[in-house]
Amino acid sequence: MKSILFFATLFFALTVCGQDKSTRPSPPDSVSVTLNSGTTVSISYSQPAVKGRTIGKDLEPLPGKVWRTGANEATVFGIDKNVTIEGTDLPAGKYALFTIANGDDWTIIFNKTWNQWGAFDYKQADDALRVNVKAGKASEFAERMKFQISKDGIVTLLWGNIKVNFKVS
């Protein structure tokens, strides 16, 4: 009986650990750019799709609620040197990237607990930095959420008709 339980547990663990994340409904993606300043900025995230739903009503981000800014695991924002985000210092390291949308006013959150699932374990006490930015209208509709990083340090989130930028220097 013990050997059956052992092998069942082993099979389950290998199956779960060996899953191909690219087959998820919200597949993983990443972007990494070395800025003109020499700092490398990377973002690893999962890409939800709109699929005809309405962002802010039946699809995140919901107004005033913390969002993992992606799907599945929390989005991970990494920097290899100390930087400023929108003029405020952020030490080198990895951070979970969360956001709070309130219409055109967005709060970008860099949380010290970067290795977590979604926003379920999010604790504001672990925030390393919060900055406020304005959202705008994207020039094209993004069916899948995506991030872009320019060489001059502009990080852009594109999601549906939403475009949110913040500056890394």
Could you tell me if the side chain of [Y] sits less than 4.5 Å from the side chain of [X], heavy atoms only?
X	Y	result
Asn36	Lys151	yes
Lys146	Tyr45	yes
Val76	Ile43	no
Gln124	Arg130	yes
Val31	Gln148	no

Open item on the list: Among residues at least two apart in sequence or on other chains, which ones pass ring-ring contact (aromatic ring centres under 6.0 Å, His included) with Phe110?
Closed with: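 If we apply the ring-ring contact (aromatic ring centres under 6.0 Å, His included) test to Phe110, skipping adjacent residues, the hits are Phe77, Phe166.
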Do [X] and [Y] belong together in a cluster built from hydrophobic side chains that touch within less than 4.5 Å?
X	Y	value
Phe141	Ile162	yes
Leu158	Val133	no
Val33	Met145	yes

Considering all heavy atoms, the nearest [X]-[Y] contact:
X	Y	value
Ala135	Val164	CB-CG2, 3.7 Å
Arg144	Pro27	NH1-CD, 3.3 Å
Glu73	Ser46	OE1-OG, 4.2 Å
Ala49	Trp159	C-CH2, 3.7 Å

Would you give the length of the straight line joining atom [atom1] of [X] to atom [atom2] of [Y], rounded to the nearest 0.5 angstrom?
X	Y	atom1	atom2	answer
Asp126	Asp121	CG	CG	10.0 Å
Ser44	Trp114	OG	CH2	9.0 Å
Gln47	Asp29	CD	CG	4.0 Å
Glu60	Lys65	CD	NZ	10.5 Å
Thr39	Ile79	OG1	CD1	8.0 Å
Ile149	Ser32	CD1	OG	6.5 Å

Look only at the side chain of [X] and the backbone of [Y], and say whether a donor-acceptor pair between them is shorter than 3.5 Å.
X	Y	value
Trp106	Asn165	no
Glu143	Val50	yes
Thr34	Gly38	no

Task: For Glu86, the option from Leu129, Val131, Ile108 that meets side chain to side chain contact (heavy atoms under 4.5 Å, CB included) - done: Val131
- [ ] Count the heavy atoms of every other residue, nucleotide or ligand shown that sit under 6.0 Å from NZ of Lys57, and state whether that count exceeds 12.
- [x] no
Open item on the list: Taking atom NZ as the centre, does Lys167 end up with more than 12 heavy-atom neighbours from other residues, nucleotides or ligands that are less than 6.0 angstrom away?
Closed with: yes
Task: Sidechain N-carboxylate O distance under 4.0 Å for Asp127, Lys112 - done: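 Salt bridge absent between Asp127 and Lys112.
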- [ ] Take Arg68 and Thr75, measure what side-chain contact (heavy atoms from CB on, under 4.5 Å) needs, and give me the verdict at the end.
- [x] CA-CA 6 Å; Arg68 68 183 116 192; Thr75 292; 5.6 Å; no
- [ ] Would you please say whether a donor-acceptor pair under 3.5 Å links the side chains of Tyr122 and Asn111?
- [x]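 Short answer, no.
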Open item on the list: Checking Asn72 against Ser26: is there a side-chain donor and acceptor pair closer than 3.5 Å?
Closed with: no
Open item on the list: Let's go through Leu35 and Thr40 carefully: what are the C-alpha distance in whole Å and the side-chain angles of both, what is the deciding distance for side-chain contact (heavy atoms from CB on, under 4.5 Å) to 0.1 Å, and is it a yes or a no?
Closed with: CA-CA 6 Å; Leu35 307 181; Thr40 299; over 6 Å; no
Sequence neighbours left out, cut at 3.5 Å: what donor-acceptor pairs do the side chains of residues 89-104 make with other protein atoms?
residue, atom, partner, partner atom, Å
Tyr95, OH, Pro91, O, 2.6
Thr99, OG1, Thr69, OG1, 2.9
Asn102, OD1, Gly64, N, 3.1

